Amino acid sequence: MSGRLWPMGSRSLLNSATLTVCGLLSLVCLAASAQAQERREREPNSVYAERRAKLASQVDGPIALWGYTGREEVSQTNVFEQEENFYYLTGHNEEGAGLLILPPAKAASTASGPRETLFLPAKNPQKEKWNGVRKSPSDPGIEARTGFASVKQFDTDFRSTIENLAKTNPTFCTILPYQKELGGYPHEKEVVDWLQLAAPQAKLKDVRAQIGAMRQIKSPGEIAFLKEAIDLTLDSHLEAMKLTHPGLYEYQVAAKMVEVHAWGGSEAEGYAPIVGAGPNSTALHYDKLSRKIEDGDIVVMDVGAQYSGYSADITRTIPANGKFTPRQREIYEIVLGAQNAALAALKPGMDFCNKNGKSVQKIAYAYVDTHGKDLHGKSLGPYFIHGLGHHIGLNVHDPGDHCAPFQPGMVITIEPGIYIPEENLGVRIEDDVLITESGHKLLSERLPRDPDEIEKIMAAAAARRAKREKDETHENNSSAETSADSSVIRSLIEKYAKSVDAADTALAAEVWLDSPDVSFIHPLGHEHGFEQIKQNVYTRLMGETFSERKLSFHDVSVHVYGDAARAEFYWDFAAKFRKDGAPLATHGRETQLYQKLDGRWRLVHVHYSGMPVTAERQGF
């Protein structure tokens, strides 16, 4: 994933004014995704202690840090995830904690007591009934569990300890807010404000850079966690290659990838999934995921799992129909060539900087700029619009200076890309790489990059899909489905769509069984009997609410069982509101039940659910 940090969550709101009408067509409610779950694993306490000791040796005053309080996010879907620097130094992933580290004692110093202390919230049995057990200073063996010789209570002990230290320490260290962000993140500003109240005379120094420099070199445990995250991500990309075909929506591809991650043990996504088809392939951090993938589209999939707090970052670009067009392949092979050129030069001492002769960024850009042309005969360099890579770790964009030489133990991405909006053509190939003593190791090597291999995987999946559909058809036939019955039902579905388009109750009567026992279930309720269906669905909703209507359907499957049948399909609905002419577009999935009476098939039940709206109007 290139460029800026990705937002942690997203929300969409329902338009309450149209909720009643809209409920009869679709129900949309996109909740913010949870940030993380409890870490699957953590490193030994000794590793965190070594980090704290190393940091303490670099400062000249006490270090005071807060973990997140748990109040930073109000969404009901949020699951607590610790502030990254605090977690890096403590391995503690619960809310409301504090950390105090003293620099090494000088020979002449009279200071006594522990050199580091973890502050935790007091035991709260009532709160634990709702949220589960939390660590507290009063827990038996809490020192051994946390790796701290001193564990105290946050609300009663932290401030008084700071106040006492301020009497003999003119300087305190913490993480200061970014100046360029007008005060920085609220959490960092809150800590600074608290410290200035507890130690008003103290000078505050920033330790962000020291911690960031330490985080760049990964420990063996961190590398192991990253490999787990990367392996889960490779599995999901392979599944996406097998799944993708025209007719799916971008969010369906993303959903399959997230499912693979979760089943494999991922706590959450490393960042919001990016799946962009056609014109959306040219938007670096495209997040709507609402487009239906069309034949001939190119699809960029930038999706990465998180494992034990560590995030992978992998991108692949594939043809929607399984076959690159000549132009798509041309651009793809240029991006692949740029990545291979950068990888060939990747070793300790190289960097991402554009200011010297050791830049893999310059190598990749030069390759792009000297291979291929746009539609106007100009070079493609200007279409490579982002940096070549970044560090990964506890954050998908982990700390790392672009002009600092690579060192063994760093884990970075290499991700060239070309984005040509004029051609609805974007290609990015991104892999995760460990810098080693002698060069590098491609951690994501298992996932194919070669276009021929990608096409082979997709072709094999398409063949299996076709065989499965054929087998299902055969199985349905063996269950008493006949081609004649299936054809009749499919024609009734077409007539059903026309009856909706025209709000025509007479045409509907040729589809529905005229009986008080038929039913129509929708997200906000259901209609009983054909008379009620005609009145509420056809006359009031379709006829009075909309001036124009168009219902289309695709991916129809019909299963016949003697004198009963089930039909399933996906639908798209476009309309204009009669009141103001405003457009509306939505889509969903529908199940219909049919019954054969006196030799005639008739519709007896409809049950449908809506899916996210793709038009600008967000009412349904």
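All values derive from a computational prediction rather than experimental measurement.
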* To do: Over 60° means perpendicular and under 30° means parallel, so classify the ring planes of His605 and His607, tilted if in between.
  => perpendicular
* Give a yes or no on whether the ring-centroid distance for Tyr332 and Phe324 is below 6.0 angstrom. => yes
* To do: May I ask you to decide whether Glu494 forms a salt bridge with Lys498, counting only side-chain N to carboxylate O separations under 4.0 Å?
  => no
* **Geometric class of the Tyr249/His587 ring pair [parallel <30°, tilted 30-60°, perpendicular >60°]** => parallel
* Cut-off 3.5 Å, side chains only: do Tyr271 and Gln306 have a donor facing an acceptor? -> no
* Asked: Is the Phe546-Phe573 ring centre distance short of 6.0 angstrom?
  -> yes
* Pair Tyr383 and Tyr419, ring centroids less than 6.0 Å apart -> no
* Salt bridge present between Arg549 and Asp501 (N-O < 4.0 angstrom) -> no
* Structure fact -> Sorted by chain and residue number, the side chain to side chain contact (heavy atoms under 4.5 Å, CB included) partners of Gln535 (sequence neighbours excluded) come out as Arg540
* Judged by atom type as modelled, is there a donor-acceptor pair below 3.5 Å linking the side chain of Ser281 to the main-chain atoms of Gly278? -> yes
* **Any donor-acceptor pair under 3.5 Å from Arg316 side chain to Leu238 backbone** => no
* Asked: What are the two closest non-hydrogen atoms of Ala254 and Val275, and how far apart are they?
  -> CB-CG2, 3.9 Å
* Work out which heavy atom in Val258 is nearest to a heavy atom in Pro273; give both atom names and the distance. => CG2-CG, 4.0 Å
* Heavy-atom distance under 4.5 Å between the side chains of Gln592 and Arg566, does that happen here? -> no
* Below 6.0 angstrom between ring centroids: does that apply to Tyr68 and His187? -> yes
* Do the side chain of Arg465 and the main chain of Lys242 share a donor and acceptor less than 3.5 angstrom apart? -> yes
* Asked: Do Glu510 and Tyr496 have a side chain donor and acceptor closer than 3.5 Å?
  -> no
* Closest non-hydrogen atom pair between Gly309 and Glu267, with its separation -> N-OE1, 3.1 Å
* Can you find a side-chain donor-acceptor pair between Gln82 and Asn93 that sits under 3.5 Å? -> no
* Structure fact -> In short, Ile298 meets Gly426 closest at the heavy-atom pair CG2-O, 3.7 Å
* Structure fact -> Across all chains, not counting sequence neighbours, the side chain to side chain contact (heavy atoms under 4.5 Å, CB included) partners of Asp598 are none
* Determine, step by step, whether Glu544 and Arg578 satisfy the salt bridge (Lys or Arg N to Asp or Glu O under 4.0 Å) criterion, reporting the C-alpha distance in whole Å, the side-chain angles of both residues, the deciding distance to 0.1 Å, and the verdict. => CA-CA 7 Å; Glu544 296 176 4; Arg578 188 177 295 278; over 6 Å; no
* Structure fact -> Smallest heavy-atom separation, Asn424 atom then Pro279 atom, equals OD1-CB, 3.4 Å
* Asked: Is any side-chain heavy atom of Phe520 closer than 4.5 Å to a side-chain heavy atom of His526?
  -> no
* **Beyond-backbone contact of His285 with Ile274, side-chain heavy atoms, under 4.5 angstrom** => yes
* Asked: Between Glu453 and Lys456, is the closest basic N to carboxylate O distance under 4.0 Å?
  -> no
* With sequence neighbours excluded, what pairs up with His245 under the ring-ring contact (aromatic ring centres under 6.0 Å, His included) test? -> none
* Asked: What pair of heavy atoms forms the shortest contact from Ala277 to Val299, and how long is it?
  -> CB-CG2, 4.0 Å
* Asked: So do the side chains of Glu527 and Val537 get within less than 4.5 Å of each other, counting heavy atoms only?
  -> yes
* Electrostatic pair Asp572-Lys550, nearest N-O below 4.0 angstrom -> no
* **Check: His390 side chain, Val396 main-chain N or O, donor-acceptor pair, under 3.5 Å** => yes
* Evaluation steps, side chain to side chain contact (heavy atoms under 4.5 Å, CB included), between Ile521 and Val606 -> CA-CA 6 Å; Ile521 298 178; Val606 167; over 6 Å; no
* Would you say the side chain of Met542 lies within less than 4.5 Å of the side chain of Val500, judging by non-hydrogen atoms? -> yes
* **Under-4.0 Å salt bridge between Lys288 and Glu250** => no
* **Verdict with supporting geometry, Ile331 and Leu425, side chain to side chain contact (heavy atoms under 4.5 Å, CB included)** => CA-CA 9 Å; Ile331 299 301; Leu425 176 54; 3.6 Å; yes
* Asked: Among side-chain atoms of Asp504 and Tyr538, is any donor-acceptor pair under 3.5 angstrom?
  -> no
* With sequence neighbours excluded, tell me which residues meet side chain to side chain contact (heavy atoms under 4.5 Å, CB included) with Thr233. => Ser236, His237, His261, Ala305, Ala312, Ile314
* Does the side chain to side chain contact (heavy atoms under 4.5 Å, CB included) test come out yes or no for Val604 and Tyr594, once each step is laid out? -> CA-CA 5 Å; Val604 296; Tyr594 288 82; 5.8 Å; no
* Just jot down the salt bridge (charged side-chain N to carboxylate O under 4.0 Å, His left out) partners of Lys596, sequence neighbours excluded, or say none. => Asp485
* Asked: Using 4.0 Å as the upper bound for N to carboxylate O, is an ion pair formed by Lys292 and Glu294?
  -> no
* Please name all residues satisfying side chain to side chain contact (heavy atoms under 4.5 Å, CB included) with Pro421, sequence neighbours left out, ordered by chain then number. => Thr282
* Between Lys323 and Glu455, is there a salt bridge with N-O shorter than 4.0 Å? -> yes
* Side chains of Asp302 and Tyr286: do they bring a donor and an acceptor to under 3.5 Å? -> no
